[in-house]
Amino acid sequence: MYRSHSCGELRESHIGKTVTLSGWVAKTRDKGFVVWVDLRDRYGITQLVLDEDRTSKELLEQARNLGREFVIQIKGEVIERTSKNANIPTGNIEVLVSELTILNESKTPPFTIENETDGGEDLRMKYRYLDIRRNPVKNNLIFRSKVTMEVRKFLSGEGFIEVETPYLIKSTPEGARDFVVPSRMNEGQFYALPQSPQTFKQLLMVGGMDKYFQIVKCFRDEDLRADRQPEFTQIDCEMAFVEQEDILNVFENLTKYLLKEVNGVEIESFPRMTYDDAMAKYGNDKPDIRFGMEFAELNSVAQHKEFGVFNSAELVVGIAVPSAASYTRKELDALVNWVKRPQVGANGMVYVKCNEDGSFKSTVDKFYDQDDLTKWAEATGAKPGDLICVLSGDANKTRTQLSALRMEMATRLGLRKPNEFAPLWVVDFPLLELDEETGHYHAMHHPFTSPKPGQLELLDTDPGAVRANAYDLVLNGNEIGGGSIRIHDKDMQATMFKHLGFTPEEAKAQFGFLMDAFQYGAPPHGGLAFGLDRLVAILGGQETIRDFIAFPKNNSGRDVMIDAPAPIDNAQLKELNLKLDIQE
Ligand code: ASP
């Protein structure tokens, strides 16, 4: 028997008992006549003690020579500690060691295995197995496990069946590049790894599975942005014989359940906002509504004077930043420079200080009088002490820029509180999105999303105006889930492919299997997928999804621990019939 108890288990009630523990040496303290060892495992730390009075010389010597992270097993008696440690649950006791076995030695770890470590990100990732011994990482993995267990509990309670779908498939269009896998047995042919199980879950609906879910890996070869993972996990769901309302209800309930079980937070019901409103009010389709600073369009109160910048703008839009009128000139200049950074891209910013005495001081006092500025204050809801920030230009770009400023100011003002949860549904997304570069429309969600009833005709005349039965669940400014009611009619699906620029032959080659299935009694269906990594991070009150993944990739998509991706040898290339232009 390696252990009778864990290192987090022993309390005063165990005093007098003989116990066996196994774990890692976190620390030894050698006071000469007495040696203490902190023994660590997943469950906690227990202090071991050996001294000249009660321990044999050899044993004391052995303890003295233990290195950090040695794996040991000890036997001993639980005794009361003289100086207690109120910070840890085992702090009232220690174990007087009578036997000690070294199960395995360890090299000195490259960073300290402490809550606050001296190891940088790269080093921690290279030795991730050591990083996982640290409480913050370990606790995140345990937290993730709890969330997934709760998800399974809830969904199976609602009658959902977990079905696995294949990883070696062909392209599923979710808007990214595919990772491909060469087939040895089919020369010159490739599988694609799923960007999502989208088509398979729809086929499960045709198969009558009715309520499906899967906690599943998805693979998307995208240019990596900060905190994106090329492989990530979804809670993927689909239901048959449902309308949008049914789906929103089930998954609102799932989210409420998780917030309650995991965070102890109860939320009545989630607000809903159309995509158009979200863009107009927050410049963003995933608004963070934990705080205000809603957009106010100022065209009608700002385009009647001689200020050319505003007069020539498609949109003049502002926000009232609470208590920022006290910013110094230097701080304000810095803010203007912040919005002019290429990452934000504004040409400049007009601001108005709302003084405590009700007067205003703006950067455009030459053009606008106090009455004008009063109207801006009314529109933005600015109070004395606030700062009105105004951007102008092309409507879409300006909204995006102001949204960036809104989020930045919220962060600076501490308004994005990690333990506050503000979920909402964003509904009525556009069906199509114009690709500025190619001038073509592509599906905003994916090509299987159905247009709202009666809007099909608009596809020919005003494609950008067509609204979809598509919805996102947003939590604290992050899209944590998204889905749609699908097309289940073969002809409508064919029409959609046509509008997306597929020839009938291309559509058949890529999605013939789905259109075929639609000929055999496809029920009305719809679903959604949650991004599990992000959901867990937000519920855990943190920003970085990497911290909740056991073995994540870095920002260049590399696993630095196993050193992947890596070249393969020529024999393997040959076997796969891959003719790479490399030297023999
Ligand atoms: N497959 C979609 C996605 O990955 C989710 C859905 O429509 O259910 O975003």
Side-chain angles (χ1 to χ4, degrees), residues 151 155 160-167 169-179 192-206 209-222 228-240 242-252 254-255 275 285-286 425-433 442-452 467-475 478-488 493 496 500 510-511 514 522-535 545:
V151 168
L155 289 176
F160 282 77
I161 306 290
E162 186 163 15
V163 183
E164 288 170 78
T165 54
Y167 282 156
I169 63 166
K170 64 183 192 179
S171 188
T172 309
E174 297 280 2
R177 282 192 199 87
D178 292 320
F179 281 101
L193 299 179
Q195 293 185 33
S196 81
Q198 184 62 34
T199 47
F200 284 94
K201 67 174 171 176
Q202 293 192 239
L203 294 170
L204 285 171
M205 294 306 108
V206 181
M209 285 311 284
D210 180 72
K211 289 177 178 179
Y212 141 93
F213 88 102
Q214 183 181 191
I215 295 184
V216 63
K217 275 288 174 74
C218 301
F219 306 86
R220 297 185 190 177
D221 187 2
E222 290 177 289
R228 275 256 182 125
Q229 290 284 316
E231 59 176 297
F232 59 96
T233 307
Q234 284 189 342
I235 309 165
D236 191 44
C237 308
E238 196 76 3
M239 301 171 80
V242 286
E243 294 174 339
Q244 175 166 313
E245 198 55 35
D246 302 306
I247 307 251
L248 300 193
N249 279 334
V250 172
F251 294 98
E252 181 163 324
L254 167 64
T255 312
Y275 170 87
D285 61 5
K286 42 181 194 315
W425 289 104
V426 176
V427 298
D428 301 354
F429 272 79
L431 182 70
L432 305 171
E433 191 174 36
H442 58 82
M444 190 151 181
H445 188 48
H446 50 55
F448 315 111
T449 295
S450 64
K452 288 219 168 280
R467 289 298 179 257
N469 287 314
Y471 33 80
D472 276 355
L473 183 60
V474 175
L475 182 57
N478 295 278
E479 178 204 325
I480 56 158
S484 59
I485 298 297
R486 325 299 182 188
I487 296 167
H488 64 278
Q493 189 64 69
M496 187 58 63
L500 293 171
Q510 229 184 312
F511 304 111
L514 188 67
H525 62 285
L528 92 184
F530 282 77
L532 179 68
D533 309 287
R534 175 72 57 202
L535 176 66
I545 66 173

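The basis for the numbers below is simple: all heavy atoms, side chains too, and nothing from hydrogens, waters or symmetry mates. Since this is a predicted model, take the numbers as computed values, not measurements. As the structure lists them, so they are numbered: ligands from 1, and atoms in each ligand from 1.
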Relative to the ring of Y167, is the ring of F219 parallel (under 30°), tilted (30 to 60°) or perpendicular (over 60°)?
perpendicular
Verify whether one side chain among Q214 and T165 offers a donor that lies under 3.5 Å from an acceptor in the other.
yes
Kindly assign one of parallel, tilted or perpendicular to the pair F251 and F530, based on the angle between their ring planes and the thresholds 30° and 60°.
tilted
Side chain to side chain donor-acceptor pair (under 3.5 Å) partner of R486, the single match among Q202, E238, Q493
E238
E222: which residues meet the side chain to side chain donor-acceptor pair (under 3.5 Å) condition with it, sequence neighbours left out?
R228
As a test of reading the model: which residues have a non-hydrogen atom less than 4.0 Å away from ligand 1?
E174, S196, Q198, K201, R220, Q234, H445, H446, G482, G483, R486, G527, L528, A529
Could you give the distance from CZ (F200) to CG (D236), rounded to the nearest 0.5 Å?
12.0 Å
